[in-house]
Undergrad: 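After the structure tokens below, expect a handful of questions from me.
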Amino acid sequence: MGFVVYAGDRTPLPLDVWWHGLMVGSLSAPGVVLAWIPSEIGGTIGMIVIAIGLVAVLLWRRRRWEAAEIAIAIAIVVAIGAPMSYIVARVRPGDSLAENTATSFPSGHTAVATTVAITLALLLRRWYVWAAGMLWVLWMMWARTYLHAHWLTDVFAGLLEGIAVSTLVWCAVQAVHDRRAARPTGSSPATS
């Protein structure tokens with residue numbers, strides 16, 4: 001997706017223009033309030049607080065692997081997304097109600113929301129965690145475009161980034177955990 005945006009001279013695609021027109025046409029005061037909720041909670045400070053809280057709860061419950069997985073996934077998704085936004089250098093919509101930074105691709109809010117939602121769903125394995133996570137991510141995607149902070153393809157790129165990072169980190173952590181669990185403890189005597 002980044003190559004498509006970059007090759008297209010970083011301008012909005014026809015789909016982006018169409019969706020942006022829908023968001024501008026449906027703008028209302030209650031809608032803006034509804035869109036600000038995930039935008040504020042999923043912002044930098046909100047996500048730092050949420051990440052620290054999740055890691056603290058998991059450590060308190062003696063779930064070190066899960067705590068590490070959340071921390072690693074969030075760190076990686078931010079480490080990938082922030083530089084990518086400057087490399088792609090796509091200009092966000094000029095009528096943004098939420099952001100004043102110039103670059104918009106991919107949506108960091110959406111990437112982090114997706115990473116947290118999928119990581120928690122993979123760790124807790126409950127249908128309602130998947131459902132709540134899906135609703136949270138969709139709400140975030142809508143909110144970021146409703147506030148004209150991102151083009152539609154920006155939030156889809158954030159969604160894909162979050163899916164990729166969370167699943168790859170989960171696979172890597174599970175592989176390391178399984179390898180460590182399979183190691184012999186060394187307490188049994190050697191047989192000849």
Side-chain angles (χ1 to χ4, degrees), residues 1-6 34-61 63-88 90 92 98-99 101 103-147 149-178:
M1 202 169 225
F3 291 118
V4 170
V5 170
Y6 194 80
L34 190 61
W36 270 105
I37 296 168
S39 291
E40 286 299 311
I41 293 171
T44 304
I45 294 172
M47 287 317 302
I48 289 170
V49 170
I50 289 170
I52 291 170
L54 287 170
V55 169
V57 167
L58 290 168
L59 288 174
W60 176 68
R61 298 203 57 193
R63 297 177 75 168
R64 294 178 324 168
W65 286 100
E66 289 90 346
E69 189 170 329
I70 291 270
I72 292 167
I74 291 173
I76 290 175
V77 82
V78 171
I80 291 171
M84 189 187 313
S85 71
Y86 291 103
I87 292 168
V88 174
R90 185 185 214 183
R92 68 176 72 245
E99 301 293 334
T101 56
T103 58
S104 70
F105 184 94
S107 166
H109 281 72
T110 304
V112 173
T114 304
T115 300
V116 171
I118 291 179
T119 301
L120 284 176
L122 288 169
L123 292 175
L124 301 176
R125 299 183 185 239
R126 301 281 188 262
W127 71 267
Y128 52 85
V129 177
W130 281 103
M134 184 175 68
L135 290 174
W136 172 249
V137 170
L138 290 174
W139 187 14
M140 181 67 78
M141 292 172 72
W142 168 81
R144 300 306 288 161
T145 58
Y146 191 80
L147 294 173
H150 288 284
W151 301 106
L152 184 62
T153 50
D154 297 343
V155 296
F156 274 109
L159 172 73
L160 295 174
E161 179 192 356
I163 290 170
V165 169
S166 57
T167 53
L168 290 173
V169 169
W170 183 80
C171 289
V173 170
Q174 291 302 311
V176 170
H177 184 261
D178 291 348

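Here the structure is a predicted model, which means the values were calculated and not measured. In this chain, numbering begins with 1 at the start of the sequence shown.
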Undergrad: Once rounded to the nearest 0.5 Å, what's the spacing between atom CG of L168 and atom CD1 of I163?
TA: 11.5 Å
Undergrad: Provide the closest heavy-atom pair for V77 versus A111 in the form atom of the first, atom of the second, distance.
TA: CG2-CB, 3.8 Å
Undergrad: So T119 and V169, do their side chains get closer than 4.5 Å, heavy atoms only?
TA: no
Undergrad: For the CD1 atom of I80 and the OG atom of S85, what is their distance to the nearest 0.5 Å?
TA: 12.5 Å
Undergrad: Side-chain contact, heavy-atom cut-off 4.5 Å: W65 with V176?
TA: yes
Undergrad: Judged by atom type as modelled, is there a donor-acceptor pair below 3.5 Å linking the side chain of W139 to the main-chain atoms of L34?
TA: yes
Undergrad: What residue among T114, I41, V116 forms side chain to side chain contact (heavy atoms under 4.5 Å, CB included) with W136?
TA: I41
Undergrad: Would you mind reporting whether L120 and L54 have side-chain heavy atoms less than 4.5 Å apart?
TA: yes
Undergrad: Specify the closest pair of heavy atoms between A67 and V55, including all atoms of both residues, with the distance to one decimal.
TA: O-CG2, 3.7 Å
Undergrad: Restricting to non-hydrogen atoms, name the atom on S104 and the atom on H150 that form the minimum distance, rounded to 0.1 Å.
TA: O-ND1, 2.8 Å
Undergrad: Return the CG to CZ distance between L152 and R144, rounded to the nearest 0.5 Å.
TA: 13.5 Å
Undergrad: Would you mind reporting whether M84 and P106 have side-chain heavy atoms less than 4.5 Å apart?
TA: yes
Undergrad: Could you grab the distance from atom CH2 of W130 to atom CG of L124, nearest 0.5 Å is fine?
TA: 10.5 Å
Undergrad: Ignoring hydrogens, what is the shortest heavy-atom contact between S166 and I118? Give both atom names and the distance.
TA: OG-CG2, 3.2 Å
Undergrad: When rounded to the nearest 0.5 angstrom, what is the spacing between CD1 in I70 and CD1 in I52?
TA: 13.0 Å
Undergrad: Before accepting this row, confirm whether a basic side-chain N of the pair R90/D154 lies closer than 4.0 Å to the acidic partner's carboxylate O.
TA: yes
Undergrad: Given side chains that start at C-beta, do those of M47 and H109 come closer than 4.5 Å, heavy atoms only?
TA: no
Undergrad: Quick check for you: to the nearest 0.5 Å, what is the distance between E161 atom CD and I76 atom CD1?
TA: 10.5 Å
Undergrad: Can you name the nearest heavy-atom pair linking T110 to S107, along with the distance?
TA: OG1-OG, 2.9 Å
Undergrad: Would you check if the side chain of R125 reaches a backbone N or O of L122 as a donor-acceptor pair within less than 3.5 Å?
TA: yes
Undergrad: Please check: side-chain N/O of E66 versus main-chain N/O of L123, any donor-acceptor pairing under 3.5 Å?
TA: no
Undergrad: Could you check whether any side-chain N or O of R92 sits under 3.5 Å from a backbone N or O of A149, counting only pairs where one atom can act as donor and the other as acceptor?
TA: yes
